[in-house]
2 protein chains.
Amino acid sequence: MTQRIKIVLDEKEIPREWYNIQADMPNPMRPPLHPGTLEPIKPEELGAIFPMNLVEQEMSTERWIKIPEPVMEKLAIWRPSPLYRAVNFEKAIGTKCKIYYKNEGVSPAGSHKPNSAIPQAYYNKISGVKRLTTETGAGQWGCALSMACQMFGLDLKVYMVRISFEQKPFRKIMMETWGAKCVPSPSNDTAVGRQILKDFPDTPGSLAIAISEAIEDAVSSKDTKYSLGSVLNFVCLHQTVIGLEAEKQMKIAGDYPDVVVGCVGGGSNFAGIAFPYIRDRIHGKNVRIVGVEPNACPTMTKGPFIYDFGDMTKLTPLMPMYSLGHSFVPAPLHAGGLRYHGVSPLVSQLLNDKLMEAKAVNQLDCYKYGVMWARSEGFIPAPETTHAITAAAEEALQADAEGKEKTILFCWSGHGLMDLAGYEKYFSGTLTNYELPDHEIEKSLASLKGYPKI
Amino acid sequence: MTQRIKIVLDEKEIPREWYNIQADMPNPMRPPLHPGTLEPIKPEELGAIFPMNLVEQEMSTERWIKIPEPVMEKLAIWRPSPLYRAVNFEKAIGTKCKIYYKNEGVSPAGSHKPNSAIPQAYYNKISGVKRLTTETGAGQWGCALSMACQMFGLDLKVYMVRISFEQKPFRKIMMETWGAKCVPSPSNDTAVGRQILKDFPDTPGSLAIAISEAIEDAVSSKDTKYSLGSVLNFVCLHQTVIGLEAEKQMKIAGDYPDVVVGCVGGGSNFAGIAFPYIRDRIHGKNVRIVGVEPNACPTMTKGPFIYDFGDMTKLTPLMPMYSLGHSFVPAPLHAGGLRYHGVSPLVSQLLNDKLMEAKAVNQLDCYKYGVMWARSEGFIPAPETTHAITAAAEEALQADAEGKEKTILFCWSGHGLMDLAGYEKYFSGTLTNYELPDHEIEKSLASLKGYPKI
């Protein structure tokens with residue numbers, strides 16, 4: 001064949017160590033604050049909800065952290081993931097740029113999420129934990145952790161945002177197939193859930209509510225810890241296998257990206273593809289890094305950099321992050337994984353330090369490019385992934401307009417086979433764009449009055 | 001890692017030629033017969049529904065047939081598919097045998113079906129065809145051909161068995177995402193469909209009915225041909241990339257299979273994994289080949305080797321095959337892809353020549369092993385694929401009982417993410433086994449009275 005379209009690596013090429021960007025950041029991270037005392041949180045306090053080995057990872061500034069052998073063995077089920085040159089999509093949009101993508105949809109759960117679910121299940125297991133709780137929005141994280149818990153012999157209860165639970169009944173069956181229990185949130189199983197159901201019986205739920213329920217369950221149950229699929233430092237750390245593999249594959253392809261793109265909800269798949277390249281940028285390489293979000297939930301592009309809670313009922317520490325406020329309830333767009341009020345503190349600090357850029361795109365453009373993608377490259381992208389596709393396409397077309405031939409790399413975070421209802425709405429013409437008015441953000445942020453500022 | 005669990009190949013290792021087992025079969029194939037004259041059908045008569053380049057492939061006895069470059073380029077989107085050692089499933093069932101599987105679920109459509117959809121779309125395109133029609137049961141073939149037609153710029157209309165159409169609404173959206181039109185069969189769009197709807201307004205439909213509709217549409221429409229996803233010689237030919245890759249990968253693993261297993265509906269994924277190994281068997285190698293079917297549709301294990309039609313209304317040629325009779329309506333088991341009354345003439349001849357064995361398994365065992373698979377290996381198998389898993393597991397446990405350590409290779413034909421409703425029924429305890437009574441087969445075969453015998 002004249003045109004090589006993908007680079008596969010042998011499983012012995014899976015990275016042996018995760019890359020911790022804290023070792024290279026020009027400005028140190030601000031500490032998370034205890035929700036009660038508002039003082040920097042102590043490791044043993046975080047130990048109430050996470051096992052200490054993960055708490056140590058959360059706080060570590062070591063550059064390289066060894067991936068344990070039992071984790072390597074499970075990652076090898078689908079890793080290294082293939083890197084593709086999207087030659088057919090390039091033709092479809094008519095660009096002269098080169099577009100590469102790292103296909104994280106090849107995991108059994110269909111997304112990048114198992115990259116952190118596997119090590120989280122492992123570290124909990126070796127700490128003597130018997131059961132985990134978590135929340136899920138679109139269902140990608142709930143599925144990934146269900147599979148991981150089954151592999152390491154842990155029980156799991158998933159609180160799934162009610163509107164997603166009802167719209168995507170098959171996600172629950174996937175989790176059950178992997179042995180987990182999944183309930184719609186808010187549920188009657190927690191005090192938080194019962195209270196919200198009493199006050200708002202028709203609530204569609206939100207990630208912030210589901211996190212509150214999962215944490216309450218974890219701290220009040222025996223041998224149980226809580227697990228989170230994004231935002232945290234150690235989750236971003238675990239995802240760096242994506243970018244570390246991509247570096248090797250781009251070398252084999254004989255290319256280096258001018259632009260690296262990832263969609264951002266909590267920030268973990270973005271961190272995965274981007275952090276190794278941000279290291280290059282810190283060391284003087286000329287590479288732009290772009291995080292993409294929906295303009296219906298414009299955390300990075302319209303939110304301030306503040307201390308905010310990760311959940312609705314203020315059970316989590318206050319984290320330094322770009323945020324729309326923990327009480328923000330985003331519009332019901334289809335990319336459920338991008339409907340989070342905050343963004344990873346690591347990503348936030350890097351954005352604040354101008355080591356990356358943020359960009360917002362609208363839902364209809366995303367489906368337009370998502371359909372073009374499916375019809376040219378074959379793989380049907382998840383609604384979240386269409387945001388990265390859209391930004392990559394816009395980067396390419398912009399470069400064409402400027403007469404430049406750029407090389408663009410993005411993270412194809414997952415497939416959309418469990419999210420086809422969104423495509424159906426798009427084809428039927430009932431899908432709309434939603435741009436968040438500024439006064440809604442102001443309203444939501446008002447609840448942070450009196451809390452520490454950055 | 002101590003245990004290597006998968007063998008990936010670079011895309012330059014995709015086979016450049018398909019393997020045609022007709023070159024090596026000890027007994028020649030009996031000719032298909034014209035449905036009207038009952039005489040051996042002439043190539044130009046087949047040309048009414050297929051383009052002549054595919055008709056030539058259907059009749060070829062050349063051992064190796066070159067894969068055209070534009071087909072290679074599309075196959076490279078997901079091929080070579082990985083070969084896995086199922087170490088975690090081996091542990092789960094407690095066997096000392098080695099179980100290898102070829103993961104065909106990695107294609108964009110989620111199954112092996114694109115291996116033939118891509119070349120069929122290509123050969124039609126270069127013959128000047130503008131539009132294809134086809135049928136689909138579970139939806140795997142309809143999706144694969146939708147993607148392939150989109151890639152080569154052909155229109156496509158898919159007649160989907162009504163009961164599957166209603167049970168799996170997302171399959172239709174997948175096909176539409178790839179630009180095809182999909183209607184439930186029987187439909188009001190054909191004379192055959194209207195007649196059946198008039199006589200049996202509540203019919204759930206069948207593959208044999210849907211084939212009749214698709215053929216009627218093709219022969220009565222301009223620039224339109226018909227496409228079939230299994231059964232035919234050229235479909236089996238296209239699928240041999242599976243086994244040819246597996247041979248290379250098994251060599252890298254340093255193993256050779258004692259047993260090769262594939263599930264059999266029309267027979268195409270089985271042909272893909274098995275034919276290269278049947279060639280070895282013909283040349284004296286000690287390898288057993290096992291085709292697995294549901295005992296609710298026991299074509300190979302209970303049907304006679306006869307001349308029968310491929311569709312309900314006798315539009316297709318009479319083909320020499322094991323069959324339960326073209327009027328047979330199988331029980332509504334979840335493995336929709338295994339609910340076909342006949343089996344590929346090539347596979348039938350090989351079975352008749354004792355170059356392979358046939359085995360039937362029941363639905364509840366299949367789901368039991370399917371769930372064990374998902375919980376150990378991660379990937380959730382399609383209902384069809386659980387039949388191959390079950391047979392592989394039973395082979396392994398039988399070998400254990402005999403004190404033998406066998407090497408088993410099977411084709412993992414596709415993932416089950418679009419078929420989770422079956423898992424839900426299994427978990428809820430509402431799924432049952434169904435064994436076909438002999439008198440039903442006799443009744444169905446009675447309609448062949450007066451037609452030529454083998």
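In the text below, chain A, chain B and the rest are named by the order of the sequence lines, each starting its count at 1.
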Between A:Thr177, A:Leu417, A:Val8, A:Val87, the one whose heavy-atom pairs under 4.5 Å with chain B are most numerous: A:Thr177

Region of B:Ile7 in contact with chain A, defined by heavy-atom distances below 4.5 Å: neither

Chain B contact via A:Asn88 - side chain, backbone, both or neither, heavy atoms under 4.5 Å: side chain

Atom of A:Ile77, atom of B:Lys6 and distance for their closest heavy-atom approach: O-CD, 4.0 Å

Among B:Gly416, B:Gly179, B:Pro80, residue most engaged with chain A (heavy-atom pairs, under 4.5 Å): B:Gly179

Contact origin within B:Phe427 toward chain A - heavy atom pairs under 4.5 Å: side chain

Proximal component of B:Ala148, with respect to chain A [non-hydrogen, under 4.5 Å]: neither

Spatial distance of atom CZ (B:Phe379) from atom OG (A:Ser107) [nearest 0.5 Å]: 7.5 Å

Proximity breakdown for A:Arg171 and chain B, heavy-atom pairs closer than 4.5 Å: neither

Residue part contacting chain B, namely of A:Ala109, when any heavy atom lies under 4.5 Å: neither

Separation of B:Glu377 CD from A:Met147 CE (nearest 0.5 Å): 11.0 Å

Heavy-atom proximity to chain A below 4.5 Å, by part of B:Arg79: backbone

Parallel, tilted or perpendicular, as decided by the 30° and 60° cut-offs, for the rings of A:Phe170 and B:Phe170: perpendicular

Where B:Trp78 and A:Tyr84 come nearest, the two heavy atoms and their spacing: CA-OH, 4.2 Å

B:Met418 side, atom CE; A:Leu420 side, atom CG - distance, nearest 0.5 Å: 5.0 Å

Pair A:Ile5-B:Glu11, side-chain contact (heavy atoms from CB on, under 4.5 Å): steps then yes or no: CA-CA 8 Å; A:Ile5 67 162; B:Glu11 68 188 41; 3.7 Å; yes

Non-hydrogen atoms of B:Met174 and A:Ile380 that approach each other most closely: CG-CD1, 4.1 Å

Close approach to chain A in residues 365-375 of chain B, criterion heavy atom under 4.5 Å: B:Val371, B:Ala374, B:Arg375

Interface moiety of B:Ser146 toward chain A, non-hydrogen atoms closer than 4.5 Å: neither

